[in-house]
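In this chain, numbering begins with 1 at the start of the sequence shown.
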Amino acid sequence: MTFAEPVVVERPEQPYVFMRRSVRMDGFGEIADRLPELIGWLGARDIELADAPFFRFVTVDMAGESEVEAGVPVAPHPSLPEPEGDVGVALLPAGRYATLTHVGHPDRLFAAAAALREWAGERGLAWDMREVDGVERWGCRIESYRTDPRVEPDPSRWETELAFRLADRPSP
């Protein structure tokens with residue numbers, strides 16, 4: 001597992017389509033397996049992906065169920081696709097994000113996320129997140145899967161970008 005030094009970047013608003021599920025971390029496949037279906041849904045409508053597919057963690061509850069979206073960014077244009085069935089349409093919020101690029105098996109992403117959080121804490125950066133009863137509710141926390149497993153089948157070479165939105169102003 002390797003990752004580059006985290007950086008803070010400014011990101012614009014990004015339209016995306018998604019499917020949402022409430023899952024336990026040991027049952028993450030329930031949402032992960034929806035990405036090919038979502039990409040197929042876009043393909044059937046001749047809508048191109050604007051960037052890499054991702055998972056957005058709306059809530060994180062390591063002891064229970066987390067609310068997670070499988071998402072795909074789409075190009076901004078006047079006529080975004082209409083929601084249909086399990087497929088929703090939304091916008092990732094603009095703002096400052098702390099990012100880290102992880103190269104390695106996805107089962108090492110917990111360590112990468114911990115490293116990003118530690119890095120931000122050392123710099124006094126505050127997350128766009130609030131914790132209630134042990135459950136984290138994030139303004140925007142995503143894992144973008146930059147490597148296509150059909151092109152690179154070795155998970156130890158997969159590149160994943162973590163991007164966690166920062167609070168507008170530091171906590172006191």
_4.5 Å side-chain heavy-atom contact, M25 and M62_ = yes
*asked:* Within the 4.5 Å heavy-atom criterion, are L49 and L42 side-chain neighbours or not?
replied: yes
*Apply side chain to side chain contact (heavy atoms under 4.5 Å, CB included) to the pair E69 and M19, showing each step before the final yes or no.*
CA-CA 5 Å; E69 295 173 349; M19 293 181 175; over 6 Å; no
*Does the ring centre of W158 sit less than 6.0 Å away from the ring centre of Y145?*
no
_Check: T59 and E136 side chains under 4.5 Å, non-hydrogen atoms_ = no
*Can you name the nearest heavy-atom pair linking W41 to P81, along with the distance?*
CH2-CB, 3.7 Å
*Hey, could you give me the CG/CD distance between D61 and E131, rounded to the nearest 0.5 Å?*
9.5 Å
*Do E65 and S22 have side-chain N/O donor and acceptor atoms under 3.5 Å apart?*
yes
*Answer yes or no: are there more than 12 heavy-atom neighbours, outside R45 itself, under 6.0 Å from its atom CZ?*
yes
*Is T101 close to E159 at the side-chain level, that is, under 4.5 Å between some pair of heavy atoms?*
yes
*Have a look at W127 and tell me which of Y97, F57, F164 forms a ring-ring contact (aromatic ring centres under 6.0 Å, His included) with it.*
F164
*Would you mind reporting whether D128 and L166 have side-chain heavy atoms less than 4.5 Å apart?*
no
_Shortest non-hydrogen separation from V68 to F55 and the atoms involved_ = CG1-CB, 4.1 Å
*asked:* Looking at every heavy atom in both G71 and Y16, which two are closest together, and how far apart are they?
replied: CA-CD1, 4.3 Å
*Inspect the contact between E161 and R141 and indicate whether a charged nitrogen and a carboxylate oxygen are less than 4.0 angstrom apart.*
no
*Check the surroundings of atom CG in D26: do more than 12 heavy atoms from other residues, nucleotides or ligands lie under 6.0 Å from it?*
yes
*For Q14 and V74, indicate whether the former's side chain and the latter's backbone hold a donor-acceptor pair under 3.5 Å.*
yes
*Are more than 12 heavy atoms from other residues, nucleotides or ligands located less than 6.0 Å from atom CD of E82?*
no
_Taking side-chain contact (heavy atoms from CB on, under 4.5 Å) as the definition, give me every residue that meets it alongside D154, ordered by chain and number, with sequence neighbours left out._
E152, S156, R157
*Under 3.5 Å, is there a donor-acceptor pair between the W119 and E5 side chains?*
yes
*Hey, mind stepping through R20 and D86 against salt bridge (Lys or Arg N to Asp or Glu O under 4.0 Å) and telling me if it holds?*
CA-CA 8 Å; R20 182 181 294 178; D86 287 348; over 6 Å; no
